[in-house]
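Notes follow once the structure below has been shown.
These numbers come from a predicted model, not from an experiment. As a basis for the values below, the full set of heavy atoms in this structure was taken, side chains included, without hydrogen atoms, waters or symmetry mates. By convention here, the first residue in the shown sequence is residue 1.
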Amino acid sequence: MPPDLRHLATAVLLPLLLIPPLSAVSHQQFREAPAFRNGISCPPLHENSSTIHIAMTLDYATPYLRGSIAAVLSVLQHSYCPENTVFHFLATADHRYNLLRTIISTFPYLRFHLYPFNPTTVNHLISSSIRRALDEPLNYARIYLADLLPSSVTRIIYLDSDLIVIDDIAKLWEINLNSHVLGAPEYCLANFSHYFNSKFWSNPSFSDTFRRRAPCYFNTGVMVIDLKRWRNHGLTKKLEYWMKIQRRYRIYELGSLPPFLLVFAGNVEGVEHRWNQHGLGGDNLEGLCRDLHPGPVSLLHWSGKGKPWLRLDAKRPCILDNLWAPYDLFKHEYFFSDI
């Protein structure tokens, strides 16, 4: 990633001077969220050590934006110190102004930055996967967080767009990464060999990458990342290396997940499973309904093909989709008469 790409990461103030006022927008797609304020024991906002940094991608051109808005609302609603949270949104530049209008009108009090992600950064590295949605360039933007975000941001929570948080995100932020770059819930009972094909496992030049590690599956939709260590170890280049191998040899089928497994699996700080109750969207082909994993829940994640907003709109929701619905701020047509 070119070093000067960091200079493309822009805060909100400059774009606000360049876009027309909100009154010029024909209609708002999302209802305005309530204002969430800090509890009385929260540290002052000016203390940087108390700031929680969260990164997400925003895709204005797809229904995933609806999921992102719901995810942001869920984080704020369950935070004891919501004003101490700063969101770092990654999006393609062509929808930047529309996204700014949407964020500002939906969350007028939100602390956020919007960074342009250029798809050409990764287009030449993407190979087709098991599901077309997994091949979108924004799915790979998480690889470039350390390059896009300013060096002053040294730790980040990355969240996917198809989840809701039902606990105080500060609990996840405060986990000790110890000597690891990345923390995430690990699932060591999953058959790790399924994430790569026979071409990978039969070639020692590939499979030996795990020789000195005991790799476990982890889902990349919820990660706590030490960006300072990431930068120091040049991990973006290591992820890109495996993507180049994939383009040439075809060693896996699951989009942006396998490169993370290749670089990090077996070297992850384990996080409680409650922070990623994943797979609620079913598998990547059928997207059938699934139940929760046993144990407590702090985050619900609809990874897989089935998304709650699509199933709710089709009036064929899974039972757990009803837990997502209260966070949906999308303005349906039958609400327009109430505007």
Side-chain angles (χ1 to χ4, degrees), residues 1 121-147 158 160 177-227 229-271 273 275-276 278-279 281-286 293 301 303-305:
M1 185 62 133
T121 303
V122 74
N123 277 340
H124 66 290
L125 298 172
I126 297 175
S127 56
S128 61
S129 64
I130 196 170
R131 184 159 57 91
R132 181 177 296 180
L134 299 177
D135 302 336
E136 294 298 323
L138 274 176
N139 282 334
Y140 292 84
R142 72 195 80 184
I143 292 174
Y144 299 97
L145 285 170
D147 303 289
Y158 174 82
D160 265 353
L177 289 178
N178 294 305
S179 61
H180 298 105
V181 175
L182 186 150
E186 292 184 290
Y187 302 88
C188 296
L189 295 180
N191 189 335
F192 192 81
S193 64
H194 287 173
Y195 295 98
F196 304 93
N197 60 29
S198 58
K199 190 180 296 185
F200 173 86
W201 294 112
S202 63
N203 189 334
S205 64
F206 300 150
S207 58
D208 278 1
T209 190
F210 295 122
R211 179 186 293 178
R212 295 178 179 85
R213 291 187 270 165
C216 294
Y217 164 76
F218 67 94
N219 180 279
T220 55
V222 181
M223 298 183 288
V224 183
I225 302 172
D226 185 326
L227 292 178
R229 284 180 175 154
W230 181 296
R231 294 169 180 131
N232 290 342
H233 292 289
L235 293 174
T236 298
K237 292 297 182 185
K238 293 182 180 181
L239 288 158
E240 288 182 331
Y241 165 79
W242 283 110
M243 292 172 67
K244 291 174 184 176
I245 293 293
Q246 164 70 355
R247 289 277 289 188
R248 183 171 181 179
Y249 296 103
R250 191 72 183 185
I251 58 175
Y252 56 77
E253 304 293 336
L254 276 175
S256 62
L257 168 64
F260 274 89
L261 297 179
L262 287 160
V263 173
F264 294 105
N267 193 21
V268 170
E269 181 65 31
V271 176
H273 286 183
W275 284 105
N276 196 351
H278 70 288
D283 61 27
N284 280 301
L285 295 176
E286 300 294 333
H293 308 294
H301 186 187
S303 56
K305 183 178 181 180

Response to the item:
Sorted by chain and number, sequence neighbours left out, side-chain hydrogen bond (donor to acceptor under 3.5 Å, both in side chains) with W230 holds for T236
Worksheet item: What are the two closest heavy atoms between C216 and A265, and how far apart are they?
Response: O-CB, 3.7 Å
Practice prompt. State, yes or no, whether a side-chain contact exists between P185 and N219 at a heavy-atom distance under 4.5 Å.
Written response: no
Worksheet entry | Partner of L182 by side-chain contact (heavy atoms from CB on, under 4.5 Å), out of V271, V268, N267 | V268
Worksheet item: Which value, rounded to the nearest 0.5 Å, describes the distance between I126 atom CD1 and L134 atom CG?
Response: 10.5 Å
Discussion item. Suppose we screen for ring-ring contact (aromatic ring centres under 6.0 Å, His included). Which residues come up paired with H273, at least two apart in sequence or across chains?
Written reply: Y187
Worksheet, complete the sentence: Value for OH (Y252) from CE (M243), rounded to nearest 0.5 Å, stands at 6.0 Å
Discussion item. Please enumerate all residues that pass side-chain contact (heavy atoms from CB on, under 4.5 Å) together with K244, with sequence neighbours excluded.
Written reply: L125
Item to complete: Nearest 0.5 Å please: distance from the CD1 atom of I251 over to the CG atom of L262.
Response: 5.5 Å
Discussion item. Tell me which pairs pass salt bridge (charged side-chain N to carboxylate O under 4.0 Å, His left out) where either residue lies in residues 184-208, with sequence neighbours left out.
Written reply: D208-R211
Worksheet item: Among all residues two or more places apart in sequence or in another chain, which pass the ring-ring contact (aromatic ring centres under 6.0 Å, His included) test with H293?
Response: H278
Response to the item:
Those residues at least two apart in sequence (or on a different chain) that pass side-chain hydrogen bond (donor to acceptor under 3.5 Å, both in side chains) with S127 are Q246
Discussion item. Please enumerate all residues that pass side-chain hydrogen bond (donor to acceptor under 3.5 Å, both in side chains) together with Y195, with sequence neighbours excluded.
Written reply: none
Discussion item. So, using side-chain hydrogen bond (donor to acceptor under 3.5 Å, both in side chains) as the criterion, who are the partners of N197 when residues are at least two apart?
Written reply: none
Practice prompt. With sequence neighbours excluded, tell me which residues meet ring-ring contact (aromatic ring centres under 6.0 Å, His included) with Y249.
Written response: F206
Worksheet item: Can you tell me if E240 and Y144 form a side-chain donor-acceptor pair at under 3.5 Å?
Response: yes
Worksheet item: Tell me the salt bridge (charged side-chain N to carboxylate O under 4.0 Å, His left out) pairs involving residues 130-145, sequence neighbours left out?
Response: R142-D160
Fill in: V263 side chain reached by L235 side chain, heavy atoms, under 4.5 Å
yes
Discussion item. Taking side-chain contact (heavy atoms from CB on, under 4.5 Å) as the criterion, tell me which of P259, S256, P258 meets it with L239.
Written reply: P259
Practice prompt. Would you give the length of the straight line joining atom NZ of K238 to atom OG1 of T209, rounded to the nearest 0.5 angstrom?
Written response: 9.5 Å
Worksheet item: Between the main-chain N or O of S193 and the side-chain N or O of N191, is there a donor-acceptor pair closer than 3.5 Å?
Response: yes
Worksheet item: At what distance, to the nearest 0.5 angstrom, does CZ of F218 lie from CG of L257?
Response: 7.0 Å
Worksheet entry | Residues in side-chain contact (heavy atoms from CB on, under 4.5 Å) contact with L285, at least two apart in sequence or another chain | I130, D283
Worksheet entry | With sequence neighbours excluded, residues passing salt bridge (charged side-chain N to carboxylate O under 4.0 Å, His left out) with R250 | E253
Worksheet item: If you round to the nearest 0.5 Å, how far is CZ of R247 from NE2 of H124?
Response: 8.5 Å
Practice prompt. Mind listing the closest non-hydrogen atom pair of G304 and N284 along with its distance?
Written response: CA-OD1, 4.1 Å
Practice prompt. Please check if the side chain of R229 supplies one atom and the backbone of V181 the other of a donor-acceptor pair under 3.5 Å.
Written response: no
Discussion item. To check you understand the geometry: which heavy-atom pair defines the closest contact between V222 and W275, and what is its length?
Written reply: CG1-O, 3.6 Å
Discussion item. Can you confirm whether F210 sits close enough to W201 that some side-chain heavy atom of one is under 4.5 Å from a side-chain heavy atom of the other?
Written reply: yes
